[in-house]
Chemist: 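The structure under discussion is supplied below as structure tokens; questions concerning it will follow.
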Amino acid sequence: MKEETIWLEVESDLGAKILRCEELGIGKKSAWLIRLHDKTEYILKTNEVIDDQHVITRLKKNIISKYRNVVSRELQVYRQLSTIRFEHFKFPKLIKGKEHRYLLVEYVPSFNGWDKNEAARERVAKSLYEFNTSNLRFKQGVVEKILSDIKRKTSLKILVWSFVVIPKSNGIWDAMTCLWVLFKCTLQQRKFKHHYFLHRDLIGNNNVLTSAENGDIYFIDFESAVEERRWILNDIIDVSLSTDLEVDRDLLNEYMKLLSESDKKRLNMKAQVRIALIHRIVRRILSHNEYSKKNRHVWISFLKNILLKDHHFDDWYEKNVGI
Ligand SMILES: Nc1ncnc2c1ncn2[C@@H]1O[C@H](COP(=O)(O)OP(=O)(O)O)[C@@H](O)[C@H]1O
Ligand SMILES: [Mg+2]
């Protein structure tokens with residue numbers, strides 16, 4: 001898809017001319033701030049624009065993007081969110097959406113991330129809990145569901161990574177140990193009765209905005225969302241971990257207070273944290289951004305020496321989480 005094609009389509013659907021388009025985000029070309037002649041501003045999201053010169057890369061990316069179909073998925077989430085009355089959870093309003101093509105949402109003048117104080121912690125915990133337990137569901141075909149689960153579900157991702165990523169970064173022994181840890185944790189954490197709806201892309205401050213107007217906290221970018229019945233704390237653990245893996249215990253505690261008694265009883269916190277951390281670390285190992293590349297040896301060693309060793313992880317957990 002070429003960016004000009006989609007802009008023309010949006011102009012014709014809106015019946016208005018686009019004055020300016022500014023690319024947002026890092027890496028993939030899929031989010032733009034657009035400004036119309038009447039000065040209204042919107043965020044436009046499309047499937048990734050592929051303008052790679054190399055024919056093979058272009059073909060590969062085109063096929064992947066066709067099956068990933070992230071716009072339709074994010075659109076489904078926005079459409080369902082729009083029908084729910086939330087007390088705390090805030091997200092940009094959906095203006096217009098077209099399956100497989102684009103979605104247009106309200107532009108929220110804001111800064112990325114949020115200031116960590118007691119009130120904000122309570123707000124983030126309550127918002128996220130409301131979102132996680134909002135009972136959203138995806139309507140999808142069988143093949144689509146299988147592909148999406150492999151790409152998005154924590155256990156399946158770790159399973160796949162144990163065969164294709166960890167052998168290369170850490171060696172075959174660590175890869176086998178990782179499978180063993182995944183197996184043990186899966187036995188320790190039974191499935192929950194109800195599914196949680198996870199955002200799945202809330203690493204640190206990613207995809208959380210603070211409105212410049214009134215300080216409200218907004219969540220954005222729902223393309224990785226997935227239903228989950230076992231690793232339900234993945235979102236809150238991701239938000240609670242800083243880039244150097246320090247845990248915001250107060251935030252975690254705020255969230256824990258909200259869980260129902262039956263979910264609390266079923267929860268194995270240590271297994272939740274361990275699995276969330278393995279997921280986080282391997283994503284870091286895979287990441288191509290400068291920060292991750294520079295610290296790759298740190299992630300590899302953390303996986304090897306802490307996450308994959310029972311006693312070391314127990315010590316780390318007691319010192320850093322201890323809930
Ligand atoms: N509704 C919005 N209001 C204000 N800024 C936004 C909005 N949506 C996205 N952004 C900005 O654009 C960036 C990229 O958008 P995002 O939806 O996260 O796309 P991507 O899928 O490329 O990560 C965000 O990090 C944020 O800074
Ligand atoms: Mg994003």
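Remember, it's 1-based here, ligands and their atoms both numbered in the order they're listed. No experiment lies behind these values; they were computed from the predicted model shown. Atom set for the values below is all heavy atoms of this structure, side chains included, hydrogens, waters and symmetry mates excluded.
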Chemist: Which Ile, Leu, Val, Met, Phe, Trp or Tyr residues join F183 in one cluster when any pair of side-chain heavy atoms under 4.5 Å counts as a link?
Modeler: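 Noted: F183 shares its cluster with W180, L187.
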Chemist: Check the Mg ion (ligand 2) and write out every protein N, O or S atom at under 2.8 Å, as residue and atom.
Modeler: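 Within the sphere that stays under 2.8 Å of the Mg ion (ligand 2), the protein atoms of type N, O or S are N207 OD1, D221 OD2.
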Chemist: Charged N to carboxylate O under 4.0 angstrom, R121 versus E254?
Modeler: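 No, this pair does not count.
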Chemist: Around ligand 1, what residues show up once you keep those with a heavy atom under 4.0 Å from it?
Modeler: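 Only L24, G25, K28, S30, A31, I43, K45, P92, V105, E106, Y107, V108, S110, N112, N207, L209, I220, D221, E223 have heavy atoms that fall under 4.0 Å of ligand 1, ordered by chain and number.
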Chemist: Quick one: do I95 and I220 end up in the same hydrophobic cluster if we chain Ile, Leu, Val, Met, Phe, Trp and Tyr together by side-chain heavy atoms under 4.5 Å apart?
Modeler: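 In one cluster: no.
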Chemist: Show me the donor-acceptor pairs within less than 3.5 Å that the side chains of residues 315-323 make with the rest of the protein, sequence neighbours left out.
Modeler:
{"from": "Y317", "atom 1": "OH", "to": "I323", "atom 2": "O", "distance (Å)": "2.9"}
{"from": "N320", "atom 1": "ND2", "to": "W316", "atom 2": "O", "distance (Å)": "2.8"}

Chemist: Whether E223 and R73 form a salt bridge (side-chain N of Lys/Arg under 4.0 Å from carboxylate O of Asp/Glu) is what I want to check.
Modeler: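 Salt bridge between R73 and E223, a charged N being under 4.0 Å from a carboxylate O: no.
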Chemist: Look at the rings of Y129 and Y196 and say which category their plane angle falls in: under 30° parallel, 30 to 60° tilted, over 60° perpendicular.
Modeler: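 Perpendicular, since the angle between the ring planes exceeds 60°.
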Chemist: I need the T83 OG1 to L136 CG distance, nearest 0.5 Å.
Modeler: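 That separation rounds to 7.0 Å.
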Chemist: Indicate whether any N or O donor in one side chain lies under 3.5 Å from an N or O acceptor in the other, for R20 and H37.
Modeler: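 No - no donor-acceptor pair under 3.5 Å links their side chains.
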Chemist: How are the rings of Y78 and F91 set relative to one another: parallel (under 30°), tilted (30 to 60°) or perpendicular (over 60°)?
Modeler: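 Y78 and F91: tilted rings.
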